[in-house]
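A quick write-up on the structure given underneath.
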Amino acid sequence: MSEAVSPGQAGLEEGLVEQVVASFADAPSARLREVMTSVVRHLHAIVRETRLTEQEWNSAIEFLTQTGHITDDRRQEFIMLSDVLGVSMQTVAVSNQLFGNATEATVFGPFYHEGSPEVPNGGDIAAGAHGQPCWVEGTVTDTDGKPLPGARLEVWENDEDGYYDVQYTDGRVSGRAHVFTDENGNYRFWALTPTRYPLPVDGPVGRLLEAAGRSPWRAAHLHFMVTHEGHRRLVTHIFVQGDDLSDVVFAVRESLVLPFDQQPVGTPAPDGRDLGDATWSRVRFDVVLAPEE
């Protein structure tokens with residue numbers, strides 16, 4: 001503890017902890033009882049170890065209240081809070097334990113949105129979003145190297161201005177789509193070369209980062225969610241080799257840092273697309289899915 005506490009005071013505080021834990025003893029769900037017992041013990045430990053004041057606790061409640069007020073169906077401030085505290089990545093690590101050569105998992109992030117359009121193999125997920133074109137290709141296999149036809153790859157990313165489609169107010173759907181692997185487990189599509197962006201700093205999470213002297217910037221990345229029957233769902237990113245890999249949500253993994261090879265003006269596109277006088281990049285990301293638990 002940060003200050004001396006008398007035996008009588010310590011006994012009073014410990015008694016309260018046990019009283020609250022006991023209140024969950026008859027919970028019908030053993031898992032709820034287990035989780036709430038741990039939550040109570042850890043929360044009380046924080047209060048006791050830091051000798052938290054009532055004013056500080058009220059400030060924390062106000063912070064969470066503001067986090068709830070700014071959250072809506074297009075902005076998830078609570079996910080951002082979980083992300084910047086590293087809780088999201090810790091939960092991912094616990095829930096997606098390493099399995100052989102399976103691709104590592106990372107966080108969803110706050111900008112995932114259900115209902116993305118399907119594009120065919122070789123299609124364009126950018127759908128008008130601004131940025132440098134990027135050809136993305138690869139295979140989806142199991143841990144034995146067997147191709148997985150019909151695997152679903154959901155992909156989403158920000159534009160070159162640092163915004164996802166859900167951050168705009170005009171209802172656009174861009175930089176977001178899903179494709180399916182072909183009969184050989186291959187996939188391919190056009191996207192945008194990932195660019196760095198800051199998390200929104202106009203809310204309570206932004207104020208927390210500023211108060212802590214932390215940067216709000218994310219490493220440039222492309223989100224994937226890959227599913228196939230009989231296999232563990234994979235949520236992950238790929239990151240740009242040679243770029244600044246500092247990341248406010250702690251999601252960068254060495255195995256997910258890939259070369260996005262820059263292509264000069266005039267380099268023929270893999271599908272014959274006319275790119276005019278634009279440069280473009282290409283990346284290969286081979287996905288390996290772990291078996292379903």
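Values reported hereafter were calculated over all heavy atoms of this structure, with side chains retained and with hydrogens, waters and symmetry mates removed.
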*Is it true that atom CG of D170 has more than 12 heavy atoms of other residues, nucleotides or ligands lying nearer than 6.0 Å?*
yes
Is the number of heavy atoms from other residues, nucleotides or ligands under 6.0 Å of E62 CD greater than 12? yes
For the pair [X] and [Y], find out whether any cationic side-chain nitrogen is under 4.0 Å from an anionic carboxylate oxygen.
X	Y	answer
R218	D83	no
R188	D271	no
E210	R207	no
R51	E13	yes
E18	R41	yes

Plane angle bin for [Y] and [X] - parallel if under 30°, tilted between 30 and 60°, otherwise perpendicular:
X	Y	value
H221	H237	tilted
H231	H228	perpendicular
F224	F189	tilted

Please find out if less than 6.0 Å separates the ring center of Y112 from that of W156.
yes
Original post:
Can N101 and T143 be counted as having a side-chain donor-acceptor contact under 3.5 angstrom?
Top reply: no
If we count only N and O atoms by modelled type, under 3.5 Å, do the side chains of T279 and Q132 hold a donor and an acceptor together? yes
Test side chain to side chain donor-acceptor pair (under 3.5 Å) applied to T53 and E56, step by step:
CA-CA 5 Å; T53 68; E56 289 168 336; 3.3 Å; yes
Correct closest heavy-atom pair for L234 and L289 would be CB-CD2, 3.7 Å
